[in-house]
Amino acid sequence: MGKREFNGVVLMMLCLWVCGVTASVTYDHKAIVVDGKRRILISGSIHYPRSTPQMWPDLIQKAKDGGLDVIQTYVFWNGHEPSPGQYYFEDRFDLVKFVKLAQQAGLYVHLRIGPYICAEWNLGGFPVWLKYVPGIAFRTDNEPFKAAMQKFTAKIVSLMKENRLFQSQGGPIILSQIENEYGPVEWEIGAPGKAYTKWAAQMAVGLDTGVPWVMCKQEDAPDPVIDTCNGFYCENFKPNKNTKPKMWTENWTGWYTDFGGAVPRRPAEDLAFSVARFIQNGGSFVNYYMYHGGTNFGRTSGGLFIATSYDYDAPLDEYGLENEPKYEHLRALHKAIKQSEPALVATDPKVQSLGYNLEAHVFSAPGACAAFIANYDTKSYAKAKFGNGQYDLPPWSISILPDCKTVVYNTAKVGYGWLKKMTPVNSAFAWQSYNEEPASSSQADSIAAYALWEQVNVTRDSSDYLWYMTDVNVNANEGFLKNGQSPLLTVMSAGHVLHVFINGQLAGTVWGGLGNPKLTFSDNVKLRAGNNKLSLLSVAVGLPNVGVHFETWNAGVLGPVTLKGLNEGTRDLSRQKWSYKVGLKGESLSLHTESGSSSVEWIQGSLVAKKQPLTWYKVRK
Ligand code: GAL
């Protein structure tokens, strides 16, 4: 530390001491107030378990260079408490490290504890064991749930306090969040929902963090909790009290991808327009959801059917590279907003009509003036007269004038030369494959019952896969055998994917979708006289993360399972003996690890399996 810096630090410490100033975060109708100063805060979501700790410093630095003031993250309960009372805060779940890195970069943190987080994350962040706590019902006025929620929330708050991470203690956390978009659920379930909202707010405030709490999409957020907006546009949002600032906790920079679905894109121009429009209308906190989306590693994604990539078309792409022109276009926007900040925090805007679909929002205070000029027409260019000047505006755009005269930025004018350059990889990847055999009822390590069982109840989500296996005995004198016909097998499943094997051969695959996970397999199948092995491999592609009481949604083959076309008519297989096996062989061998993968023989070169069921692939680069 140089002498001058040293003197500065001593002076500041003296002042904190003598002047009696303590760190604090409060709010008024205009803005979040940090250490007595109203702030226009630009925030971005980076979820720590969606990247590796090695990536964190670079992501955070890029966020800072991109003009952010705040990093926003959820807290991922199921990663932190994999079994009751057993906590984990290492590696990608090292929350303290992540928050400290943001602090070191000079950024604030908005900690959305939830602990319900939605987020396309398995079971919305709840540990699967929570579902099996006796008498529990999630996210309502239910004692076992509230006890568990309070315990985890308090655990996180005390962890942050121990590390002095709240701004009131000199740390970077200026805001927290309790629950997540509970408003729509409360609306649906009524009285117990209302009681739960009150309880959640009181419980959170009682934890005494010294920084404000928000509840997003929660019109009735009890004081002093701030209700905030989530959406693609939020310019018309008003908080439930005129003593609370207008905050936008999720401005969706793109959208998530589901398996087989389109890859969503949101133009940089529209994103910038939405932010400028919110700020000109008096908004003072905007968070990009996501600023870096990252990756759903392992089996963390919920959904259903949410893809491994959580790129989100965010300003930083899945790998942490600048997604241009979005990153640069927003950086320039943030610069223009920062230049306007003194005027924006000093006063409320005055709105002037400048003609059809044209408006100016003017923030004029002693010593500061900033104006935003908007063209809401989606098709036509406009010329707007404002003050002594004339301004050209592209359609659906806002110009920012930090001195009320000079345009420094227009949301629709994206600079050129920022487009992504792709370089092809020259050498081909050398893939290898390994095929495992379908499981069958003769296997000794399976469990059995005269019933079809719900999938997650059996697996406890230790694997996506559950085998349902049974024997189908066919008499040699069956009519269909003589006529060369095949009986019709029908399998009803609550979801999400089903592979049907008969005597070791794949007979078909069916799957549900994000909107409706239920599925039915119905096809004629080849059976032989004597014993036939029917093996159904049911796959749960992530557990639901949103919807009223999503914890009660089932997965797996619940039946009926029937066989039609036998001499006896239709045979109901649902209540005969079924054996169960959790997981795939490759999973128990840990084929995805270095040591596990050496336990089997891999096929290489031209013999690598193509379009065969139950194939594992690996590649090394
Ligand atoms: C919001 C929710 C987020 C995320 C987002 C979609 O409604 O609060 O957690 O799920 O939708 O990506």
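All values below come from the heavy atoms of this structure, side chains included, with hydrogens, waters and symmetry mates left out. Here the structure is a predicted model, which is why all the values come from computation and not from measurement. Counting convention: from 1, in listed order, for ligands and their atoms alike. We number each residue from 1, following the sequence as shown.
Checked by distance only, ligand 1 and Y256 stay at 3.5 Å or farther apart across all their nitrogen or oxygen atoms. For a threshold of 3.5 Å applied to N or O pairs, the pair formed by Y312 and ligand 1 contains at least one separation below that value. Inclusion of E120 in the set of residues having an N or O under 3.5 Å from an N or O of ligand 1 is warranted. Of the polar atoms of R112, none of the N or O atoms is found under 3.5 Å from an N or O of ligand 1, judged by distance alone. Not one N or O of C118 is nearer than 3.5 Å to an N or O of ligand 1, by distance alone.
Remark: distances from the non-hydrogen atoms of W121 to ligand 1 are all 4.0 Å or more. Residue Y310 places a heavy atom under 4.0 Å from ligand 1.
Looking at heavy atoms from C-beta onward, W121 lies in side-chain contact with T300 at the 4.5 angstrom threshold. By the 4.5 Å heavy-atom criterion applied to side chains, T308 and F259 are counted as neighbours.
With sequence neighbours left out, K217 forms a side chain to side chain donor-acceptor pair (under 3.5 Å) with no residue at all. Here K338 pairs with D69 under the side chain to side chain donor-acceptor pair (under 3.5 Å) rule; sequence neighbours left out.
If you look at E250 next to ligand 1, the close heavy atoms, those under 4.0 Å, all belong to the side chain. Heavy atoms of N180 found under 4.0 angstrom from ligand 1 belong exclusively to the side chain.
When each atom of ligand 1 is checked for a heavy atom of I117 under 4.0 Å away, the hits are 9 (O). Heavy-atom contacts of W255 reach the following atoms of ligand 1: 6 (C) (cutoff under 4.0 Å). The contact set between ligand 1 and E181, taken as ligand atoms under 4.0 Å from a residue heavy atom, comprises 1 (C), 2 (C), 7 (O), 8 (O).
Pairing of C216 with C229 by a disulfide is not supported, the SG atoms lying 2.5 Å or further apart.
Of the possible polar contacts, none joining the Y108 side chain to the L41 backbone as a donor-acceptor pair under 3.5 Å is found.
Around CH2 of W511, the count of heavy atoms belonging to other residues, nucleotides or ligands within 6.0 Å does not exceed 12. Atom OH of Y319 sits in a sparse spot, with 12 or fewer heavy atoms from other residues, nucleotides or ligands closer than 6.0 Å.
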